[in-house]
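Naming convention: chains lettered A, B, ... in sequence-line order (proteins, then strands); numbering from 1 in each chain.
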Amino acid sequence: MLKLQGIESGYGESAVLRGVSMVVDPAKVVCLIGRNGVGKTTLMRTLTGQLKIRQGRMSLGEQEVTGWDSVKRARGGIGYVPQGREIFPQLTVKENLLLGLEPCVPRSKVFPEDVLALFPVLPQMYHRQGGDLSGGQQQQLAFARALASRPKVLLLDEPTEGIQPSIVEEIQDVIRGIKAKGETSVILVEQSIEFVRSVADYIYVMDKGTVVAEGVQDAIDMEQFEHYLTV
Amino acid sequence: MEMTILQVFNGLSVSSILLLIALGLAVTFGLMNVINMAHGELIMIGAYSTYVTQGLFTAYMPKSWFDTYFIAALLVSFVVAALIGWLLEMILIRHLYGRPLDSLLATWGVGMMLQQIARFIFGAPNVAVTSPSWLNGGLAITSSIVLPYKRLFIIVLVALVLTAMYLYIYRTVQGRRMRAVMQNRNMAGCLGISTRRVDGLTFAIGSGIAGIAGCALTLLGPIGPSIGTYYIVDAFMVVVLGGVGKLIGTVAGALGIGMFNTLFETYTSASIGKVLVFALIVAFLQWKPRGLVALRTRSLD
């Protein structure tokens, strides 16, 4: 579904990604692990088109999307739950949700019921401002917003980081649910090895801006992963 | 009693004019953070659009239709100023986002160019616009208090523009996109909102409202190429005092300045009154640098 070949990108003068290659098959969950600062979030920002691809190619399905900006990528089917959630703070919960329909081609005005059913707390908070929600509630809102347009590929950047344990469970269930439904490919950046083990179809390990190990999880020695994660 | 009514009405009238010239700036400066020094010239463009519309009505329309020219002029001023604002955003301002000093200088330069172009087309002397007859005269409340229709009309016009802006920003899909882009540009882009189009449209709307202000100013006196420079300082004062980013702040800012200005002018002279108002604003901004209505900082994080 998503294919990266030798992607290079970064901020300003500095290069962060130095040739990342990756393949994400349809309806599979691909986990991306690595220490802080190795370029996982930069890769996410590059995939959404917030950062330009300087070298390499990216394709989505059959389509070459290397030169597309974030607007076209979103309409092309890339959904994004960013690190820090990035809820619009001065917009109500309902408005935040409706913005999730923006990528829909053709346009849609009705928020899908089945997505809303995954997050029963959200309808109770329709008229509260996004900025007033707790971290966990914002994360649920960010998931619902990203799922509304039924993306082909969903990018999840540390979705359980800094969130109260009760909601972590719920979010992990949602990710399992997405996997079970089999309509969306997922790239998941995650620190919790335990959770990665339970959902990943395939694992990439990043270090210093490139992929240093990859494999189906059964075939790969988990201790090797731990090595890359310890400082 | 009569004195009080007159005071309040004058205060309201001054406030409404201030608000009208500041509303466009509340969009371009308040929402988009562009220090648009050419705002005054967009007002000037609105004023001259009214002048031209009036000329066209005199030349090509039956005489009995003349009085309706002003309604047409309101629309024409909005459209012409919005188009020029849209062009300005596309050609110049788009490339200067996040560089406030550069955009300040560049828009100031554009302002001077627009003034010269106006001098070139319409000549340096002021021109007068004939107000439609239905705005002459006034509403007599008592034998000695007459509220001029023109001033009442401007108050109503401001209320209408304000309502339209409120509905657009808070009730329409485009308005929702606009607020999303202003709050988090990157994320809005990642949701498939074309930030460029929203920027252009927002700037055009702010400029169009400046055009309407220019149209209304033709009711108050003759207009000239440098009419905008008289109003640009007031417009910035209103927006800064009101607090950047919220319409209600701009309304409060305009009311505050308008009311105090009238009050001080009654007991001192026009120039001393203005000095007092500005002194008060400076003192107030020392105390509350974010203005009357500040966005809560926590939710901006």
**Message:** Within residues 11-28 of chain B, which residues come under 4.5 Å of chain A, heavy atom to heavy atom?
**Reply:** none

Is atom [atom1] of [X] surrounded by more than 12 heavy atoms (other residues, nucleotides or ligands) closer than 6.0 Å?
| X | atom1 | result |
| --- | --- | --- |
| A:W68 | CH2 | yes |
| A:R176 | CZ | yes |
| A:R75 | CZ | yes |
| B:F260 | CZ | no |

Nearest-0.5 Å distance that lies between atom [atom1] in [X] and atom [atom2] in [Y]:
| X | Y | atom1 | atom2 | result |
| --- | --- | --- | --- | --- |
| B:R177 | A:L98 | CZ | CG | 11.0 Å |
| B:Q183 | A:L91 | CD | CG | 5.0 Å |
| A:S149 | B:L191 | OG | CG | 8.0 Å |
| A:E102 | B:S194 | CD | OG | 10.5 Å |

For residues 166-175 of chain B, which side-chain donor-acceptor pairs fall under 3.5 Å, sequence neighbours excluded?
unit_1	atom_1	unit_2	atom_2	d
B:T172	OG1	B:Y168	O	2.6
B:T172	OG1	B:G175	N	3.0

**Request:** Taking heavy atoms only and a threshold strictly under 4.5 Å, list by residue number the residues of residues 38-64 of chain A that touch chain B; give 'none' if the list is empty.
**Result:** A:T48, A:Q50

**Asked** Does the side chain of A:Q90 reach to within under 4.5 Å of the side chain of B:M182, using non-hydrogen atoms?
**Response** no

**Message:** What I'd like to find out is whether the side chain of B:R179 reaches to under 4.5 Å of the side chain of A:F88, using heavy atoms alone.
**Reply:** no

**Complete:** Counting heavy-atom pairs under 4.5 angstrom with chain B, the leader among A:I87, A:D69, A:L99 is A:L99

Please tabulate, for side-chain N and O atoms in residues 279-289 of chain B, each donor-acceptor pair with protein atoms closer than 3.5 Å (sequence neighbours left out).
none

**Message:** Looking at every heavy atom in both B:C190 and A:A74, which two are closest together, and how far apart are they?
**Reply:** O-CB, 3.2 Å

